Amino acid sequence: MKTNKDWNFDNTYKTLSQGFFSIVNPMPVEKPDLILLNSRLADELSLDFSETDRAELASIFSGNQLPEGAEPISQAYAGHQFGHFTMLGDGRAIVLGEHLSPNGKRYDIQFKGSGRTPYSRSGDGRATLYSMLREYLISEALHHLGIPASGSLAVAKTGQPVYRETVHPGAVLTRVASSHIRIGTFEYASRFLSREKQQEFLDYTVARHYPDLEETENKALDLLKRVAEKQLYLVLEWMRTGFIHGVLNTDNMSISGEAIDFGPCSFMNTFDPSTAFSSVDINKRYAFSNQPGIVQWNLAIFAGTLLPFIDDDEEKARKSAQEVIREFEPRFKDEWYRMMEKKLGFSKSGKQEKDLTDQLISWMEKSKADYTNTFLVIANPDETPGHFKADQEFRNWHDQWRAAIEKQQGGLSEARRRMAQINPLFIPRNHLVEEALTEASGGGDYAKFDTLLENLKNPYREQWEAKELQNVPPGFDEQYKTFCGT
Ligand code: AMP
Ligand code: MG
């Protein structure tokens, strides 16, 4: 069996002390069927499945047959959900282990939807095909947009029904991430485990993700700074592309700086800072423009768990941590302007570039312009996507922008080249995602899913045949809701 030989497990999480995880096996499924296998990600992991037959692949990726070297565990964690502390843990996920690729990179291989665990509470530990296909599609889209995120290696159907509001086909997703250590894992250790175990976990996390910090004078403070930086650049990428995570609880924020657990996520079409599609986010806590502030809030919770390791003197520790948290906001603002100026093709930044950014933001909001398409029109006004409406105010703004661009090195043509690298032509449009998922999970028709997936693999490249995918049916988003998919 070639497949099993390629796996190269080295399971360090399992060497942590008692309390951090539970040993648990995936629950066997009745009728496994392989739906998707990600060859790009398999290549990255140096896993060659070309000679493995479909039945065996189905058996592996549904949890019926474990790959050699796997030592399944579920991880314990807690978290602040919508602002409130709760004990959580992998209720429907099982980490098979850590696969080491030949390039030395370590990857968690995780099943999602593989049955109950000691952390399942009242849940069934299962996942619907719809929501696992959704995670697969969006994680691929994020990857190709250049945004750090967990990856999806495979989706397998279980052949068993999953009961939600209605009956759904069940599925298991094989998820790949550099780890599943969350802010919530630190919260768990801080509330429920001994000081020694907290130190052990701090050391483990630093060694695994930021080994260059192992010998620094203040490891805990440096870890906080590093995670803050990673998360700053991650949320900046979301703001660049219009991504709305949807459930940015502290348990869904990783220490590695990859986007994880973006179940009810969506992309903003019409520019509106208050956009929130998640059905459970009633107060719009996780709305598009709230995300940087929420990341900062989550980092403050993370900081709280590190205080005893920052300084023995609590006051001093608090002061050092607060400094890191406070500077997040002005730093984010600065970086946000740099990013927006790049979206506008500017190679330098100054007062005029900043003013033009502010004016454009206010125009987009007022005129309900499409966030993605606006930047395409700015670069190429002659190729206006269908629904874009350029009024006099926009034309005046565009004249000023044009004059400013001409003064920069390389002029318009260089600016256009830069803009094409940072402004996607294609994002997962909500109406297309829904249509593709409904037809695939409901009727077993994958035509639209496959087409959309192919389109999203080249978000920055012209795809003439896909032009119409840039247009959102008027009114669709107004009633659109996303679900956690639990
Ligand atoms: P999420 O909102 O997907 O990040 O999940 C929040 C918490 O609920 C985590 O602890 C999950 O493991 C748990 N959970 C979600 N769905 C299920 C399910 N179907 N069965 C058991 N636990 C679940
Ligand atoms: Mg989660």
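When a ligand or atom number is given, it counts from 1 through the structure's own listing order. What you see is a predicted model; the values in this text were computed from it and never measured. Heavy atoms only: backbone and side chains are in, while hydrogens, waters and symmetry mates are out.
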Is there any N or O on [X] that sits under 3.5 Å from an N or O of ligand 1?
X: Tyr119; result: no
X: Gly91; result: yes
X: Leu88; result: no
X: Arg121; result: yes
X: Gln81; result: no

One thing to verify: whether [Y] and [X] come together as a salt bridge, which I'm taking to mean a side-chain N less than 4.0 angstrom from a carboxylate O.
X: Glu200; Y: Lys197; answer: no
X: Glu135; Y: Arg175; answer: yes
X: Arg134; Y: Glu434; answer: yes
X: Arg338; Y: Glu335; answer: no
X: Glu329; Y: Lys333; answer: no

**OP:** List nothing but the number: protein N/O/S atoms under 2.8 Å from the Mg ion (ligand 2).
**Re:**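 Protein heteroatoms (N, O, S) closer than 2.8 Å to the Mg ion (ligand 2) number 2.
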Original post:
Within 45° of the six-membered ring axis of Tyr204 and under 6.0 Å from that ring's centre, is NZ or CZ of Lys219 located there?
Top reply: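 No; the conditions do not both hold, so Lys219 does not lie above the ring face of Tyr204.
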Original post:
Do we get Arg285 above Phe82's six-membered ring, with its NZ or CZ under 6.0 Å from the centre and within 45° of the axis?
Top reply: no
Subject >> Any donor-acceptor N or O pair under 3.5 Å, side chains Asn11, Glu71 >> reply: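 Yes, a side-chain donor-acceptor pair sits under 3.5 Å.
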Original post:
Got a sec, which pairs hit ring pair (Phe, Tyr, Trp, His ring centres under 6.0 Å) with one end in residues 229-253, sequence neighbours left out?
Top reply: Trp238-Phe243, Trp238-His245, Phe243-Phe267
Subject >> Single hit among Asp203, Asp10, Asp108 for salt bridge (charged side-chain N to carboxylate O under 4.0 Å, His left out) with Arg208 >> reply: Asp108
Atom indices of ligand 1 within 4.0 angstrom of [X] heavy atoms, with elements:
X: Asn252; result: 4 (O)
X: Gly123; result: 20 (N), 21 (C)
X: Ser120; result: 21 (C), 22 (N)
X: Asp261; result: 4 (O)

Original post:
Using heavy atoms and a threshold below 4.0 Å, how should the contact between Asp124 and ligand 1 be classified: side chain, backbone, both, or neither?
Top reply: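 Looking at Asp124 and ligand 1, atoms from backbone and side chain both fall under 4.0 Å.
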contact_flag [X] ligand 1 heavy-atom lt 4.0 Å:
X: Gly125; answer: yes
X: Arg164; answer: yes
X: Val247; answer: no
X: Ala93; answer: no

**OP:** Could you check which of Arg126, Arg92, Arg116 puts a non-hydrogen atom nearest to atom 17 (C) of ligand 1?
**Re:**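 The nearest heavy atom belongs to Arg92.
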Original post:
Does atom CD of Glu323 have more than 12 heavy-atom neighbours, drawn from other residues, nucleotides or ligands, at distances under 6.0 Å?
Top reply: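 Counting neighbours around CD of Glu323, 12 or fewer heavy atoms of other residues, nucleotides or ligands fall under 6.0 Å, so no.
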**OP:** Evaluate the ring planes of Tyr107 and His99, with Trp represented by its six-membered ring, and classify them as parallel (under 30°), tilted (30 to 60°) or perpendicular (over 60°).
**Re:** tilted
**OP:** For residues Phe61 and Phe49, establish whether the separation of their ring centroids is below 6.0 Å.
**Re:**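 Distance test on ring centres: under 6.0 Å, yes.
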